[in-house]
Participant: 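If you scroll down you'll find the structure; I have some questions about it.
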Amino acid sequence: MDFRLVYRGPLKSSGNDVPKDFQAKKEHKHDIRLKLHPQIKQLWNYPPFNSNYGQPNATPYHVQYLNPQHERGQHRVGNYKFVRLVRRDLKLTAELDILLLRREYPGPVLIQGGDLDNRLKTLLDALRVPKELQEIPENFNQKGDEDPLFCLLEDDDLITSIKLTSDTLLILPCRHQMSMF
């Protein structure tokens, strides 16, 4: 199954976790999760995830494994509920093809805001469900549409390949665009 997720916003370097920066880093990763959540949740409306689930003749496989509201379809961290799309019990893996657009000339591995590999680490952490309660920001209140929170991966070790392309973002920020009228 091929699909695209779009994240527009800063992608900060994970760097070495200095205690004073740990809270800001986990908030940044969780903010990315929150922005990707509606897109991943929408995937459950398309085959194969919507196939027969909830129907009277649905197989136990569909009911237990593909229904995001079913206990087996959810992952708990403390009192928080998450739904993982790519997970071990479904024997799924992921191949990622990432396009990183930035306001810099492409080429150097070291870029403003952190090196590319540490930015990639931030993104991979944000694509998976938190492993422990300490990874969830203290100010996060799971409510409404975020209960459960939909994430791409159960764990980043389910990624079998990564292709990363970095290029220049040529679109100007809205506040700098000139009016044509």
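Because the structure is a prediction, the values reported are computed rather than measured.
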Participant: Under a 4.0 Å N-O cut-off, is there an ion pair linking Asp31 with Lys35?
Facilitator: yes
Participant: Just to verify, what does His28 make a ring pair (Phe, Tyr, Trp, His ring centres under 6.0 Å) with, not counting sequence neighbours?
Facilitator: none
Participant: Of all residues at least two apart in sequence or in a different chain, which pass the side chain to side chain contact (heavy atoms under 4.5 Å, CB included) check with Glu135?
Facilitator: Arg33, Arg128, Pro130, Lys131, Glu132
Participant: Not counting sequence neighbours, which residues clear side chain to side chain contact (heavy atoms under 4.5 Å, CB included) with Asn139? List them please.
Facilitator: Glu27, Pro137
Participant: With sequence neighbours excluded, what pairs up with Arg76 under the side chain to side chain contact (heavy atoms under 4.5 Å, CB included) test?
Facilitator: Lys81
Participant: Is any side-chain heavy atom of Leu36 closer than 4.5 Å to a side-chain heavy atom of Leu152?
Facilitator: no
Participant: Any idea which heavy atoms bring Pro148 and Gln74 closest together, and the distance?
Facilitator: CG-NE2, 4.0 Å
Participant: Judged by atom type as modelled, is there a donor-acceptor pair below 3.5 Å linking the side chain of Arg84 to the main-chain atoms of Cys151?
Facilitator: no
Participant: Compare every heavy atom of Gly78 with every heavy atom of Leu133, then report the nearest pair and how far apart it is.
Facilitator: CD1-CA, 4.2 Å
Participant: Decide yes or no on side chain to side chain contact (heavy atoms under 4.5 Å, CB included) for Lys26 and Glu138, but give the supporting numbers first.
Facilitator: CA-CA 10 Å; Lys26 72 180 177 181; Glu138 289 83 23; 2.9 Å; yes
Participant: Please report the interatomic distance CG(Leu127) to CG(Leu158), rounded to the nearest 0.5 Å.
Facilitator: 12.0 Å
Participant: Testing the basics here: between Val86 and Ala94, what is the closest heavy-atom pair and its distance to 0.1 Å?
Facilitator: CG1-N, 4.1 Å
Participant: Taking only residues two or more places apart in sequence, or in another chain, which ones meet Asp97 in a side chain to side chain contact (heavy atoms under 4.5 Å, CB included)?
Facilitator: Lys163
Participant: Looking at side-chain heavy atoms only, is the closest gap between Arg102 and Ser166 below 4.5 Å?
Facilitator: yes
Participant: What closest approach, in Å, do Leu92 and Leu85 show between heavy atoms, and which atom pair accounts for it?
Facilitator: CD1-O, 3.5 Å
Participant: Would you indicate whether the side-chain heavy atoms of Asp155 and Val129 approach each other to under 4.5 Å?
Facilitator: no
Participant: Mind checking whether Leu123 and Leu96 have side chains closer than 4.5 Å, heavy atoms only?
Facilitator: no
Participant: Only one of Asp167, Leu169, Thr165, Leu164 passes side chain to side chain contact (heavy atoms under 4.5 Å, CB included) with Leu100; say which it is.
Facilitator: Leu164
Participant: Can you confirm whether Ile162 sits close enough to Ile98 that some side-chain heavy atom of one is under 4.5 Å from a side-chain heavy atom of the other?
Facilitator: yes
Participant: Which residues pass the side-chain hydrogen bond (donor to acceptor under 3.5 Å, both in side chains) test with Asp156, sequence neighbours left out?
Facilitator: none
Participant: Only counting residues at least two apart or in another chain, list the ones meeting side-chain hydrogen bond (donor to acceptor under 3.5 Å, both in side chains) with Gln142.
Facilitator: none
Participant: Please identify each residue that fulfils salt bridge (Lys or Arg N to Asp or Glu O under 4.0 Å) with Glu154, with sequence neighbours left out.
Facilitator: Arg88
Participant: Please indicate whether Asn141 has more than 12 foreign heavy atoms, meaning atoms of other residues, nucleotides or ligands, lying under 6.0 Å from its CG.
Facilitator: no
Participant: State which residues pass salt bridge (Lys or Arg N to Asp or Glu O under 4.0 Å) with Glu95; sequence neighbours excluded, sorted by chain then number.
Facilitator: none
Participant: When rounded to the nearest 0.5 angstrom, what distance separates CG in Asp145 from CZ in Phe150?
Facilitator: 8.5 Å
Participant: Taking the side chain as C-beta and beyond, is there a heavy-atom pair between Leu5 and Ile40 under 4.5 Å?
Facilitator: yes
Participant: Just to verify, what does Phe140 make a ring pair (Phe, Tyr, Trp, His ring centres under 6.0 Å) with, not counting sequence neighbours?
Facilitator: His30, Tyr80
Participant: By side-chain hydrogen bond (donor to acceptor under 3.5 Å, both in side chains), which residues pair with Asp2, not counting sequence neighbours?
Facilitator: none
Participant: Does any part of the side chain of Leu153, heavy atoms only, come nearer than 4.5 Å to the side chain of Ile159, both counted from C-beta?
Facilitator: yes
